[in-house]
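Just dropping this structure here.
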Amino acid sequence: MLRTHTCGELRVNNTSLEVTLCGWVQRSREMGGLTFIDLRDRYGITQLVFNMEKNPALCAEAGKLGREYVIKAKGKVAERSNKNPKMPTGDIEINVEELTVLNTSKVPPFTIEDNTDGGEELRMKYRYLDLRRQTNKKNLELRHKLSIETRNYLNSQDFIDIETPYLIKSTPEGARDFVVPSRMNPGQFYALPQSPQTFKQLLMVAGFDRYFQIVRCFRDEDLRADRQPEFTQIDCEMSFVTQEDILNTFEGLAKHLFKSVLNMEMADFPRMAYDEAMRLYGCDKPDLRFGMTFTGITLLMKGKGFKVADDAEFIAGIKVDGCAEYSRKQLDELTDYVKRPQVGASGMMYIRYAADGSMKSSVDKFYSADDLAAILKQFGAVPGDLVLILAGAEEKTQKALSELRLELGRRLGLMKTGEFKPLWVTDFPLLEWDEETKRFYAKHHPFTSPKPEDIPLLDTDPAKVRANAYDLVINGTEIGGGSIRIHNKDLQRRMFEVLGFTEEDAVNQFGFLMNAFEYGAPPHGGIAFGFDRWSTIFGGGESIRDFIAFPKNNSGRDVMIDSPSAIKEEQFKELSIKLNL
RNA sequence: GGACUGGUAGUUCAGUUGGUUAGAAUGCCGCCCUGUCACGGCGGAGGUCGCGAGUUCGAGCCUCGUCCAGUCCGCCA
């Protein structure tokens, strides 16, 4: 090693030790006769001192060092006369006797500091410089810790890590596939896996009754702050289990991660059926850090001559504690918020229940004091509260009210970082009707098992069938989800029928799985967690990009290596591909 | 596919109603400074106002188009 110590470990009890440090020049401060240099490596920052009286040549040399030069410095640890309590190494410094420039550096395009002056775009282009910053380093360290602790826990529970292929077969269901041409099989393509779903089920058939993998998955869909075209899952599957066994096992994983990574003891996670989540929060991944659950008042508001209410399929609202004094301006802002096209409400009603007991609403014209009092009672409102009400088509209104609830949560500071409210959402619908294609789609995936008691509904009312499917939600983010799978080939065949697959389609796409199910498939089920999201939530971050070493931007581009990019004509030829742009 | 926001010095941003030579901070360069640690002081360099049209006597500012970035909707079994 070129160094004897790191830049983060020396303390006052190392005084007068002869050490050699290596690192990057964070910053230098010249005082004329004295020069200080902050030397940085992965572990911290240590101050180097050069003294003009003791060694003028060396001091002059130190003065020439630029930001981000890579240097090696040999010298003695000394206790500082002027200590810096803000730094872990602030009690000591190194009186440098030998200095070697290991490499020079151009002036970096932004400052390598916690509060950098560089914008997102620039930092992504120079990601290797951005990663030198402490905040990014911390994020990747947290991610590493989560990864190690996940392995530790699952290993302790007899899960085994098995790799599955990346070059697999395209299927039209679900997300768009990334596709890879096969040179040796002209005109044919591999697909990159959206998840190792079918392979882990085949591993169950193979008898590996507890499997896991921390694995890259690929989906060619439009991106968001919490979505990347390639992302990482903690992918798990178990045999001979019920839903209850899976929830318990992976609640165990979550608790272990909370404890080992964040040092937090978590109580048992609450559970909520999908229908309940939709009724109370209008959303299948509610943020439980605050209340403000929905109160339905469709019947109370209808029949009073107010057309908006009379025409509405669904009317519900939320009670905002202690906000009766909201100004007209604030209420108008909220109205504008719900009327944004992305939220989609056509208006908002309010009732202010003033501290003196008086009521003021936006619909006084249509509702008597008794009517309003009845509504307030339904909400359990007390003087000082504000009630906000949306009306319209059920699904749309639920969604808008859910957005309004979250907006108020943000405005009132109720979504605190550092507070964690996990939740299992269970009993998802098995199928989703698509108006455009006039057919059902699997809400989770086509191998999800219906609840046994709901199987008869497959023939009569498929939309009502509930699945043995579950999601883990933390603070309003879906962190993972899974299901008990179908292991019976007849039920699987029936499922494909409901989804409108012909026998031929099913065999063509999933024949290998159906064949496998002919040879003794055990009852099994599993779950997959979004590893990037989990890291982001634990790290209190906003965007999963901050927890991925080399992420892509929202157009799926890597601006550092400039990909995707064109390929050479010879490559197309070799692949028997012609462009059609 | 759609909505919104932004693009001005190396960087982060300001720039009034369209009007003389486009500013600040920071970074960078030079000089001074022996206890700094966001050091301090003095001085200096640094601009295709994303790109292309248009309106105008005159455009960083107005209009249209386009590219790029970000947030969201659709999409993501």
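FYI, side chains are in, hydrogens and waters are out, and symmetry mates aren't considered; it's all heavy atoms of this structure. Owing to the predicted nature of the structure, the values given are computational and were not obtained by experimental measurement.
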(request) Give a yes/no on whether any side-chain N or O of R545(A) is located under 4.0 angstrom from OP1 or OP2 of rU71(B). (result) yes
(message) Once you apply a heavy-atom cut-off of 4.0 Å, does E432(A) come out as touching a base, just sugar-phosphate, or nothing?
(response)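 E432(A): no heavy atom of the nucleic acid under 4.0 Å.
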(request) Side chain of L34(A) only, please: which of rG35(B), rA3(B), rG1(B) is the nearest? (result) rG35(B)
(message) Taking atom NZ as the centre, does K125(A) end up with more than 12 heavy-atom neighbours from other residues, nucleotides or ligands that are less than 6.0 angstrom away?
(response)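 No, because the 6.0 Å sphere around NZ of K125(A) holds 12 heavy atoms or fewer from other groups.
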(request) Would you mind classifying the nucleic acid contact of R224(A) as base, sugar-phosphate or nothing, using non-hydrogen atoms under 4.0 angstrom? (result) base
(request) Using a heavy-atom cut-off of under 4.0 Å over every strand shown, decide if L122(A) touches base, sugar-phosphate, or nothing. (result)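 If one applies the 4.0 Å heavy-atom cut-off, L122(A) turns out to touch the sugar-phosphate alone, with no base involved.
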(request) With sequence neighbours left out, write down each residue that passes ring-ring contact (aromatic ring centres under 6.0 Å, His included) with F218(A), or none if nothing qualifies. (result) Y166(A)
(request) Look at all strands and tell whether F110(A) reaches a base, only sugar-phosphate, or nothing, counting heavy atoms closer than 4.0 Å. (result) nothing
(request) Under 4.0 Å between any heavy atoms, over every strand shown, what does N553(A) touch: base, sugar-phosphate, or nothing? Just pick one. (result) sugar-phosphate
(request) Let me know, please, whether N51(A) or G66(A) comes out on the 5' side of the other along RNA chain B by nearest nucleotide. (result)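 Closest to the 5' end, via its nearest nucleotide, is G66(A).
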(message) If you assign each of N84(A) and K399(A) to its closest nucleotide in RNA chain B, which residue comes earlier from the 5' end?
(response)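 Its nucleotide being nearer the 5' end, the pick is N84(A).
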(message) Using the side-chain heavy atoms of V107(A), tell me which of these nucleotides is nearest: rA69(B), rU34(B), rC28(B).
(response)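 Ranking rA69(B), rU34(B), rC28(B) by closest atom to the V107(A) side chain puts rC28(B) first.
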(request) Quote, to the nearest angstrom, the P distance that separates rC28(B) from rA38(B). (result)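 The same atom, P, in both gives a distance of 16 Å.
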(request) State whether R27(A) places a side-chain N or O below 4.0 Å from either non-bridging phosphate oxygen (OP1 or OP2) of rC39(B). (result) yes
(message) Taking pairing as Watson-Crick or G-U wobble with both contacts under 3.5 Å, can you name the mate of rC29(B), or confirm there isn't one?
(response)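 Looking at the geometry, rC29(B) pairs with rG43(B).
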(request) With P as the reference atom in both, quote the distance from rA22(B) to rG46(B) in angstrom, rounded to an integer. (result)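 rA22(B) and rG46(B) have their P atoms separated by 13 Å.
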(message) Give me the distance, rounded to whole Å, that separates rA45(B) from rG6(B) when you measure between the C1' atoms they each carry.
(response) 29 Å
(request) State which residues pass salt bridge (Lys or Arg N to Asp or Glu O under 4.0 Å) with E53(A); sequence neighbours excluded, sorted by chain then number. (result) none
(request) Give a yes/no on whether any side-chain N or O of R29(A) is located under 4.0 angstrom from OP1 or OP2 of rU36(B). (result)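 Checking rU36(B) against R29(A), no side-chain N or O comes under 4.0 Å of OP1 or OP2.
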(message) What's P109(A) touching, base or sugar-phosphate or nothing? Going by heavy atoms closer than 4.0 Å.
(response)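 Counting heavy atoms under 4.0 Å across all strands, the contact made by P109(A) is with sugar-phosphate only.
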(request) Describe the nucleic acid contact of M52(A) in one word from base, sugar-phosphate, nothing, applying a heavy-atom distance below 4.0 Å. (result) nothing
(request) Give none if rA38(B) has no partner; otherwise give the nucleotide forming a Watson-Crick or G-U wobble pair with it, both distances under 3.5 Å. (result)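 None - no nucleotide pairs with rA38(B), as no candidate has both distances under 3.5 Å.
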(request) Tell me which nucleotide among rC37(B), rC68(B), rA3(B) gets nearest to the side chain of E121(A). (result)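 Closest nucleotide among those given: rC68(B).
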(request) May I ask you to verify if any side-chain N or O of K83(A) is less than 4.0 angstrom from the OP1 or OP2 atom of rC37(B)? (result)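 No, no such contact exists.
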(request) Report yes or no: do S483(A) and R485(A) form a side-chain donor-acceptor pair below 3.5 Å? (result) yes
(message) Taking 4.0 Å as the cut-off, does a side-chain nitrogen or oxygen of R67(A) come that near to OP1 or OP2 on rC28(B)?
(response)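 The answer is yes; a side-chain N or O of R67(A) sits under 4.0 Å from OP1 or OP2.
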(request) For rA3(B), give its Watson-Crick or G-U wobble partner with both distances under 3.5 Å, or none. (result) rU71(B)
(message) Check this for me: K74(A), atom NZ, are more than 12 non-hydrogen atoms of other residues, nucleotides or ligands nearer than 6.0 Å?
(response)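 No, because the 6.0 Å sphere around NZ of K74(A) holds 12 heavy atoms or fewer from other groups.
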(request) Give a yes or no on whether E542(A) atom CD has more than 12 heavy-atom contacts from other residues, nucleotides or ligands under 6.0 Å away. (result)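 No, because the 6.0 Å sphere around CD of E542(A) holds 12 heavy atoms or fewer from other groups.
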(request) Indicate yes or no: does E394(A) engage K399(A) in a salt bridge with an N to O separation below 4.0 Å. (result)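 Answer for the salt bridge query: no.
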(request) Name the closest nucleotide to the R80(A) side chain, picking from rC33(B), rC37(B), rC76(B). (result)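 It is rC37(B).
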(message) Would you say that more than 12 heavy atoms from the other residues, nucleotides or ligands in this model lie under 6.0 Å from the NZ of K83(A), or not?
(response) yes
(message) By the 4.0 Å heavy-atom rule, please label E53(A) as base, sugar-phosphate, or nothing.
(response) base
(request) Among the candidates rC76(B), rG70(B), rG35(B), find the nucleotide nearest to the side-chain atoms of R219(A). (result) rC76(B)
(message) Starting the side chain at C-beta, find the nucleotide from rA38(B), rG35(B), rA3(B) nearest to K86(A).
(response) rA38(B)
(message) Starting the side chain at C-beta, find the nucleotide from rA69(B), rU36(B), rG27(B) nearest to N554(A).
(response)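 So the side chain of N554(A) is nearest to rA69(B).
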(message) Roughly how many Å apart are rC49(B) and rU71(B), using the C1' atom of each and rounding to a whole number?
(response)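 Pairwise C1' distance, rU71(B) against rC49(B), rounds to 25 Å.
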(message) Nearest to the E221(A) side chain among rG35(B), rC75(B), rG74(B), which nucleotide is it?
(response)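 Closest nucleotide among those given: rC75(B).
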(message) Using OP1 and OP2 only, check whether a side-chain N or O of T35(A) sits under 4.0 Å from rU36(B).
(response) no
(message) In whole Å, measure the gap between the C1' atoms of rG40(B) and rG50(B) for me.
(response) 39 Å
(request) Answer with base, sugar-phosphate or nothing: what part of the nucleic acid does E93(A) contact at a heavy-atom distance below 4.0 Å? (result)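 Here E93(A) touches the bases of the nucleic acid.
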(message) Any strand counts, and the cut-off is 3.5 Å on both contacts for Watson-Crick or G-U wobble. Which nucleotide pairs with rC62(B)?
(response) rG54(B)
(request) Identify the nucleotide, in any strand shown, that forms a Watson-Crick or G-U wobble pair with rA24(B), with both distances under 3.5 Å; if there is none, say none. (result) rU12(B)
